Amino acid sequence: MIAAGSTIGIIGGGQLGRMLAMAAARLGYRTVILEPQADCPAAQVATEQIVAAYDNPEALERLAEISDVITYEFENVPVDAAETLNETKPVFPPPEALKVSQDRVTEKRFLNNAGIQTAQWRIVENEGDLEAALLAFEGKGILKTRRFGYDGKGQVKFSGAKGENAKAGFAAVGSVPSILEGLVDFTREISVIAARDEAGDIRIYDIAENVHKDGILATSTVPVSVSSTIAGLAADSARKLLEALNYVGVLGMEFFVLANGTLLANEFAPRVHNSGHWTEAACAVSQFEQHIRAVAGLPLGDARRHSDCVMENLIGDDVEKLPAILAESGAVVHLYGKAEARPGRKMGHVTRITKRL
Ligand code: AMP
């Protein structure tokens, strides 16, 4: 356990880092943010920022020197950097989790090997692979780049319609190593936020139903009206994944629910997750505090929900609705300190408490 007053290093300076730094401060910790963009959302509420690239050797040395433990807020942290840091100071979640999640193929393989069902998938290295895979999937699928895809970017959908062609599809994702996933005809998208500490204690939050718009999360609603079997399966999958990764910290795992009651894992993020922001308003211990507890070696906290709620992301000029939102009762607002409201940019979120339990 690191003592109050110790320093937690956070790689990445976005809103997730900001909310982690705020949770750390509440538990008496200092935070240092490694992020190339000065005055980033996280640095505004942290003790210190190292303004440098995530793989800058001097910056990493300095981060290791100041920090007692190091964590991260995005999954594209260079694995080499995390491994190097881990030689000097503990890095949680383990760098292995980054390695697995950064490539959709290793991720799917890891999930399947851990006994977690996903959509069918094929590796696509070239147009020929894509043609063969589409043939196997009856022309339907989603082509995704193996690496660096987020919020639906780097994806092409094949719906089985005439005229869709592998050559154009592969070019559209940039002709880079990709994966074709079977097109899942889901009825809902749900996610689970789960935490594990070094001793193996696990806490799992209630599942949320997520609605995406233009590939970006729009709302997360809790509770979800799915069967207890589905809810149990989602929690079991998260538990299996945490254990298989020997994980420490919070992770977010997304799933598709099919009409026939099948649950398929889509992907996981080795970090706090946008679909878990509701925990801040509707649980005694939020995902952010839970993560800080796990990485700092404190006992995990109560993950039970005390209210039903709906979290809505405030994207781009949604922030103009703020005066009206602030006037609502039961609305918990969180803004990220970003100066400019560009289209598609997450500016903040609001969690509306719909019922107290
Ligand atoms: P991802 O980047 O994998 O999270 O995908 C972004 C969104 O695209 C998901 O939230 C789904 O709405 C949709 N999507 C992704 N993969 C599939 C799939 N295999 N079948 C159907 N829809 C998908």
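Note that this is a predicted model, so its numbers are computed, not measured. The first residue in the sequence is number 1, and the count goes up from there. All ligand and atom numbering here is 1-based and tracks the order in the structure.
In this structure, K144 counts as a contact residue of ligand 1, since one of its heavy atoms falls inside 4.0 Å of the ligand.
Ligand-side atoms of ligand 1 in range of H212: 10 (O), range being under 4.0 angstrom from any heavy atom. Of all atoms in ligand 1, numbered sequentially from 1 with element shown, those under 4.0 Å from a heavy atom of N266 are 1 (P), 3 (O), 4 (O). Near G182, the atoms of ligand 1 lying under 4.0 angstrom from a non-hydrogen atom of the residue are 18 (C), 19 (N), 20 (N). Heavy-atom contacts of E189 reach the following atoms of ligand 1: 9 (C), 10 (O), 11 (C), 12 (O) (cutoff under 4.0 Å). Atom numbering of ligand 1 starts at 1 in the shown order; those under 4.0 Å from a heavy atom of F186 are 12 (O), 21 (C), 22 (N).
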Could you check E125 against R146 for salt bridge (charged side-chain N to carboxylate O under 4.0 Å, His left out), going step by step and ending with a plain yes or no? CA-CA 10 Å; E125 297 283 351; R146 284 177 66 160; 3.6 Å; yes
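Only the side chain of I142 comes within 4.0 Å of ligand 1, judged by heavy-atom distances. Contacts between R104 and ligand 1, counted as non-hydrogen atom pairs separated by less than 4.0 Å, involve the side chain only.
In R203, the CZ atom is crowded: over 12 heavy atoms of neighbouring residues, nucleotides or ligands sit closer than 6.0 Å.
In this structure, a donor-acceptor pair under 3.5 Å is absent between the side chains of E96 and Y247. A side-chain N or O of T118 and one of N112 form a donor-acceptor pair less than 3.5 Å apart. A side-chain donor-acceptor contact under 3.5 Å links H349 and E280. In summary, the side chains of N210 and R188 do not present any donor paired with an acceptor at a separation below 3.5 Å, with no hydrogens or angles considered. Using modelled atom types and a 3.5 Å distance limit, the side chains of Y54 and E35 yield a donor-acceptor pair.
Checking only distances, L183 never comes within under 3.5 Å of ligand 1, N or O to N or O.
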